[in-house]
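Data first, discussion second: the structure below is written as structure tokens.
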Amino acid sequence: MPTPAPRTREHEPETVTTTASHHLSPAFPGRAPWGTANKLRAWQQGAMEKYLQEQPRDFLAVATPGAGKTTFALTLASWLLHHHVVQQVTVVAPTEHLKKQWAAAAARIGIKLDPDYSAGPLSKEYHGVAVTYAGVGVRPMLHRNRCEQRKTLVILDEIHHAGDSKSWGEACLEAFEPATRRLALTGTPFRSDTNPIPFVTYEEGSDGIRRSSADYTYGYGNALGDGVVRPVIFLSYSGNMRWRTKAGDEVAARLGEPMTKDAISQAWRTALDPRGDWMPNVLRAADQRLTEVRKGIPDAGGLVIASDQDSARAYAKLIREITGTKATVVLSDEAAASKRIEEFSEDGSRWMVAVRMVSEGVDVPRLAVGVYATTISTPLFFAQAVGRFVRSRRRGETASVFLPTIPNLLGFASEMEVERDHALDKPKKDGEEDPYAESEKEMAEAEKQQDEDTGEQDMLPFEALESDAVFDRVLYDGAEFGMQAHPGSEEEQDYLGIPGLLEPDQVQLLLQKRQARQIAHSRKKPDEEADLLELPAERRPVVSHKELLELRKQLNTMVGAYVHQSGKPHGVIHTELRRVCGGPPSAEATAGQIRERIKKVQEWATRMR
């Protein structure tokens, strides 16, 4: 039995929360930030107080990655075991690696979980088991019988995985319906599909959509304010891409320019092709950033998240050529992969390259620099991926994530603090596309185990021909900074050289100064040297093809209204707008140029009233 928590008077269980974790060793949580290593964080204590006051059978805690969900859950498990509310614990995790991680964390506070349990009676030395959702899916009755035989607390880690498939959801319902208590945890409660998540309460909003309802929520914004997580600096890279379609046509495009969904996908994959110039330049920049970060965080590590095994191996080869040191390569969710992750978390080496499996739940707190080198574009996967870099160990640490200039990704990056809930219903309007997340097929691809090559590259509808990279912008706290710059240029180095130890407000101030200096420097250059777009990031909005069409439609509507007001022909007004605002005809104008023209027409119309 775990070391007991302090006794309390009957009917007053909530009072134990002030010292509920007094028995935790100073090493648990092993990497808590300053001043919190031997006590619960404020949000953990708040969640404990609410739970112990209400004593619910089901409880959903939503806390941002890196906030310490494991600590909260195990502290609560210790209290429930000690007060005989439950007699055993079952932890359900998404992966083999994570169930072992749970068992190791539980052991540090005296709760012994068997991570290798498969069937039959459990040894008396254990307080419970750690299993995977897949394992429950195979033998739900085994776990149901265990719950029926003894009072059980079930901890469902990253509970949204129970909605991955109908069979997994049904298996969890069947297995844990008799459980005495169920604690659901997630850092990303939203999903791209409408599969209901077991043991989660859904409430209907004023719009008629049923959304998941959490019992306790601790978002990224709150965690950042408390110093529990690191601020994230996103460094975005554009560049020219060229590829050949199956029809034999050669297509060229620039990342960040309005394109159709298919063209964005193909340009994106061209950028990630290790044989082009985009990936080597971005990896070189990321390694320079890592060098700067390691001046303040000596053991800081970097992670490249790849789409498939071939790309992962190729990226590791590029890293070796760039740095002269070997990268740790993690290709599948197997015992050997878990060992490599554990070794990397302790050895202080620079880089790890992994296929998607490392994007969720893997605890390597020294990761501070990331490269998003996969074409998965769901908000869930992106949030999980960024979550690998936000865990704070001491005050002032920052995280840096490199990504391509893709509208969806930049949108996710600018909405880091937005809290989402899982919606069971999707609003449908005539002629409109589903406004919610990306396709269910893509999400399934992102979450499945990568035990062998998927053959994805053989299915590509094009052949990547060449690519180059251009530093595009920095995104931080919802704002955008910087002008375009060549890789290796003084302007790019200015942003890569931002110190790795800064307070959040210092990051904002420093980025503003860097941009001002870059603008001042660009004004001194002769016009013939301005071969890149000389506009600050906030004046270069990245929009989709659909959004650009909407902007053009809005401009035409505004011009049409002004025609009736002024009596001038359409063509005359469009010509005057080009003369005043600059730029090409509307059909070739950028989103920023069209917005300026819309603003100017509105100004003219207001004056005539």
Side-chain angles (χ1 to χ4, degrees), residues 17-18 20-21 29-51 60-73 75 185-190 213-235 293 296-297 300 363 365-370 379-380 382-401 410-421 474-481 498-513:
T17 56
T18 57
S21 60
R31 301 175 179 85
W34 57 99
T36 63
N38 61 354
K39 61 182 179 181
L40 289 182
R41 294 168 179 160
W43 84 263
Q44 294 164 337
Q45 183 156 323
M48 280 285 293
E49 288 173 355
K50 183 170 185 183
Y51 186 96
L60 171 61
V62 176
T64 190
K69 292 185 289 293
T70 304
T71 304
F72 160 65
T75 303
L185 307 170
T186 183
T188 47
F190 53 99
S213 175
D215 296 284
Y216 196 92
T217 300
Y218 186 62
Y220 174 79
N222 292 332
L224 186 62
D226 292 343
V228 170
V229 295
R230 298 166 177 155
V232 183
I233 302 168
F234 293 95
L235 298 100
V293 171
I297 313 173
D363 182 18
R366 72 184 189 88
L367 287 175
V369 176
L380 173 58
F382 185 85
Q384 291 168 351
V386 174
R388 298 315 97 220
F389 307 97
V390 301
R391 184 184 296 275
S392 183
R393 298 180 299 173
R394 64 168 170 145
R395 196 170 191 90
E397 291 184 346
T398 60
S400 304
V401 177
L410 299 195
F412 301 155
S414 67
E415 297 175 356
M416 275 285 289
E417 297 185 23
V418 175
E419 294 173 4
R420 296 176 175 86
D421 295 311
V474 174
L475 293 89
Y476 176 73
D477 194 24
E480 301 184 13
F481 306 87
I498 292 172
L501 285 175
L502 287 172
E503 292 294 322
D505 57 339
Q506 292 176 320
V507 176
Q508 182 99 11
L509 183 62
L510 200 53
L511 286 170
Q512 290 171 344
K513 288 182 176 179

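Atoms CD1 and OG1, on Ile233 and Thr398 in that order, are 4.5 Å from each other to the nearest 0.5 Å. Taking CZ of Arg366 as the reference point, atom CZ of Arg393 lies at 8.0 Å (rounded to 0.5 Å). Rounded to the nearest 0.5 angstrom, Ile297 CD1 and Glu397 CD are separated by 4.0 Å.
Minimum interatomic distance between Ala300 and Ala368 (heavy atoms only, all atoms of both residues): CB-CB, 4.1 Å. For the pair Ala413 and Phe382, the tightest heavy-atom approach, listed with the atom from each and the gap, is N-CE2, 3.8 Å. Here the closest heavy-atom approach between residue Pro65 and residue Val390 is recorded as O-CG2, 3.1 Å. Smallest separation of non-hydrogen atoms from Thr217 and Ala214: OG1-CB, 3.4 Å. The two residues Tyr220 and Val232 come nearest to each other via the heavy atoms OH-N, 3.4 Å.
Among residues two or more places apart in sequence or in another chain, the side-chain contact (heavy atoms from CB on, under 4.5 Å) test is passed with Gln508 by Tyr476, Asp477, Ala479, Phe481, Gln512. Evaluation of the salt bridge (charged side-chain N to carboxylate O under 4.0 Å, His left out) rule for Glu480 yields Arg473 as partners, not counting sequence neighbours. Listed by chain and number, the residues in a side-chain contact (heavy atoms from CB on, under 4.5 Å) with Ala223 are Thr64, Tyr218, Val228, Val229 (sequence neighbours excluded).
Counting heavy atoms from C-beta on, the side chains of Tyr51 and Asp215 never come closer than 4.5 Å. At least one side-chain heavy atom of Pro231 sits less than 4.5 Å from a side-chain heavy atom of Leu224. Between Thr71 and Gln44, some side-chain heavy-atom pair lies under the 4.5 Å cut-off. The closest side-chain heavy-atom distance from Asn222 to Trp43 is not below 4.5 Å.
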message: Would Val386 and Phe412 count as a side chain to side chain contact (heavy atoms under 4.5 Å, CB included) here? Give the steps.
response: CA-CA 10 Å; Val386 174; Phe412 301 155; over 6 Å; no
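A donor-acceptor contact shorter than 3.5 Å links the side chain of Arg41 to the backbone of Ala67.
With Val293 as the fixed residue, the side-chain contact (heavy atoms from CB on, under 4.5 Å) test singles out one of Val369, Ile498, Leu501: Val369. Screening Arg391, Arg230, Arg388 against Pro365 for a side-chain contact (heavy atoms from CB on, under 4.5 Å) leaves a single residue, Arg391.
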